[in-house]
J.: 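Sharing a structure below in structure tokens format, with a few things to ask.
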Amino acid sequence: MTQDLLNHTRIHSRPSDLRITDIRVAEIVGAPFTSALLKIYTNQGIVGFGEVRDGASATFALMLKSRLLGENPCDIDRLFRRIKQFGGHGRQGGGVSGIELALWDLAGKAYGVPVYQMLGGKFRDKVRIYCDTDADRPSGTEMGKRLKARMDMGFTFLKMDLGLMQIAHIPGTVVGPAGALEPFYHHAGGMRPKTLDERRHRNAIYDAQNVMHPFTGLHFSEKGLDLMEQYIAEVRAEIGPEIPLALDHLGHISLQDGIRLARRIEKYTPAWLEDVVPWQHTDAYRQLQQATTVPICTGEDIYLKEGFEPLLKAGISVIHPDLLTTGGIYETKKIGDMAQDHGVAMAIHMAESPIAAMACAHVAVATENFLALEYHSVDVPWWDDIQIGLPKPIVKDGFITVTDKPGLGIDDLNDELLMQHLQPGVTGIWQPTDRWDDEHSWDRTWS
Ligand SMILES: [Mg+2]
């Protein structure tokens with residue numbers, strides 16, 4: 001009788017006695033950008049997988065270790081509320097969010113339940129993917145052919161860049177103070193300065209790229225607008241009029257130039273126009289959306305649901321949260337529900353490994369308000385092999401199908417492969433992080 005009862009009871013662990021014992025990272029590059037993959041270890045042998053946002057430092061997650069050791073990872077919301085003060089907008093949200101993913105993965109594994117089920121169950125079986133397609137100064141026709149190749153792979157939703165970088169190399173397309181464009185041709189992130197002068201040079205590039213759109217003095221000329229209109233016309237000629245095509249990376253141009261471009265391209269029916277100005281400029285977003293019929297989108301750099309509310313009230317059309325900035329799985333589900341109440345659609349931004357992709361897919365399955373999920377690794381042949389346990393390819397015919405396996409559905413990571421793609425200066429993976437065990441300060445933000 002007892003054996004019969006046990007055979008019908010799924011006991012994957014003793015969840016009430018589960019404790020966090022360690023947090024370690026694997027810092028890799030090329031999948032598609034930089035990723036800090038996370039493991040949270042427990043006293044019962046089960047391991048949770050998380051990931052710090054692309055381009056962010058693993059430090060954002062490791063500094064939370066001392067605040068989590070000894071805790072039960074199944075208390076997801078309680079632990080999130082303890083650590084959420086240590087997150088911030090953009091990449092600064094990466095540590096809190098990455099940890100939150102791993103807590104859900106652990107809770108799912110402890111109870112033997114997939115994450116989407118813990119969120120309330122399915123609205124859909126398959127998650128629609130849109131593939132962002134980078135290109136270094138191609139013609140519209142060339143970009144159109146690249147996008148058409150994506151469609152031939154089964155993708156039903158597309159995104160491309162349209163802005164300063166498509167035209168700035170052509171004389172007469174950009175109006176601006178001499179030298180104002182120069183910093184945008186460099187990327188400080190890839191530099192590894194040695195001398196003090198090299199460090200100052202990197203910092204100067206960082207500062208220059210931190211000049212927000214209203215303050216660069218950069219504008220599109222009529223010739224620039226003509227060429228961008230021609231560019232999207234050439235793209236539409238290749239991909240046809242029907243498939244959704246989102247647009248990103250206008251560059252640091254003014255609100256007024258964003259409006260001029262938006263009006264020019266209305267007849268090509270973009271799915272949305274993304275991050276025309278910094279998301280903090282709520283009134284600019286209100287003006288922008290009221291000035292054009294192109295759906296206006298922002299949100300990939302907003303931490304916590306409260307940051308979305310003013311934009312929803314300002315009347316933008318699409319939000320685009322990144323799970324690895326918002327605070328993670330549960331916060332993004334809440335953001336999708338809140339946006340739905342305001343009549344605003346949600347797409348999900350993602351440019352990381354299969355860990356982040358599956359976390360996004362579970363939210364997308366379990367949230368009614370969902371358009372499409374970003375995928376940035378069509379051209380990374382080893383991306384699927386980072387993980388062990390999910391059917392490959394993870395993205396098939398333009399969709400991800402979540403499995404019924406516990407947690408995120410990932411059994412393990414492919415350490416041998418990870419070792420082949422370490423970030424510069426990194427010597428190994430899952431190395432001890434003892435130096436973070438006792439990090440502590442009196443961090444309360446009120447008295
Ligand atoms: Mg973007």
Side-chain angles (χ1 to χ4, degrees), residues 31-35 51-56 88-94 97 128-136 143 146-147 150 155 157-166 184 187 189 209-210 212-213 216 228 231-232 235 244-253 255 257-258 261-262 265 270-282 284-285 288-289 294-303 307-308 311 316-326 332 335-336 339 344-353 356-357 360 364 370-379:
F33 305 119
T34 59
S35 307
E51 180 170 5
V52 181
R53 185 169 167 183
D54 73 283
H89 298 302
R91 268 66 188 178
Q92 296 173 22
S97 307
R128 187 183 308 280
I129 300 300
Y130 79 83
C131 56
D132 199 356
T133 303
D134 294 329
D136 189 23
M143 174 52 95
R146 289 184 199 181
L147 292 173
R150 305 292 206 219
F155 289 101
F157 207 118
L158 305 169
K159 186 161 101 176
M160 69 170 192
D161 293 348
L162 185 68
L164 278 178
M165 288 302 112
Q166 276 64 51
F184 297 101
H187 193 3
Q209 293 185 349
N210 262 357
M212 282 181 162
H213 304 45
T216 61
M228 284 186 286
Y231 189 99
I232 190 170
V235 169
L245 172 65
L247 303 173
D248 196 8
H249 293 138
L250 272 68
H252 290 201
I253 48 97
L255 165 66
D257 289 275
L261 177 64
I265 61 175
W272 68 71
L273 194 56
E274 181 175 327
D275 287 331
V276 175
V277 289
W279 65 267
Q280 292 91 339
H281 298 180
T282 310
Y285 271 98
L288 176 61
Q289 186 61 91
V294 174
I296 296 302
C297 169
T298 188
E300 70 184 60
D301 292 313
I302 303 177
Y303 181 58
F308 285 87
L311 288 157
I316 62 168
S317 298
V318 182
I319 55 161
H320 192 221
D322 187 308
L323 247 75
L324 297 191
T325 282
T326 56
T332 306
I335 289 165
V344 177
M346 179 173 77
I348 298 180
H349 180 265
M350 194 279 295
E352 294 98 4
S353 85
C360 293
F370 170 71
L371 273 182
L373 165 62
E374 180 164 4
Y375 177 49
H376 220 299
S377 300
V378 181
D379 303 317

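A quick note: this is a predicted structure, and the numbers were derived from the prediction, not measured. Just so it is clear, the values below take in all heavy atoms, side chains as well, and ignore hydrogens, waters and symmetry mates. Both ligands and their constituent atoms are indexed starting at 1 by order of listing. The chain is numbered in sequence order, starting from 1.
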J.: What's the shortest heavy-atom distance between C360 and H349, and which atoms?
T.: SG-O, 4.4 Å
J.: Please round to the nearest 0.5 Å and tell me the distance separating atom CD of E51 and atom CG of L324.
T.: 6.0 Å
J.: For A271, which residues count as a side-chain contact (heavy atoms from CB on, under 4.5 Å) partner, sequence neighbours excluded?
T.: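 Expected list: F157, P244, A246.
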J.: Just by distance, no angles: are the side chains of S35 and E352 close enough, under 3.5 Å, to form a donor-acceptor pair?
T.: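 Judged by distance alone, the side chains do not pair up.
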J.: Provide the protein N, O or S atoms situated under 2.8 Å from the Mg ion (ligand 1); waters are not included.
T.: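 Listed by chain and number, the nearby protein N, O or S atoms are D248 OD2, E274 OE2, E300 OE1.
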J.: Applying side-chain contact (heavy atoms from CB on, under 4.5 Å), can you list everything that pairs with V276, at least two apart in sequence or on another chain?
T.: L250, L273, L288
J.: Which residues pass the salt bridge (Lys or Arg N to Asp or Glu O under 4.0 Å) test with D322, not counting sequence neighbours?
T.: R53
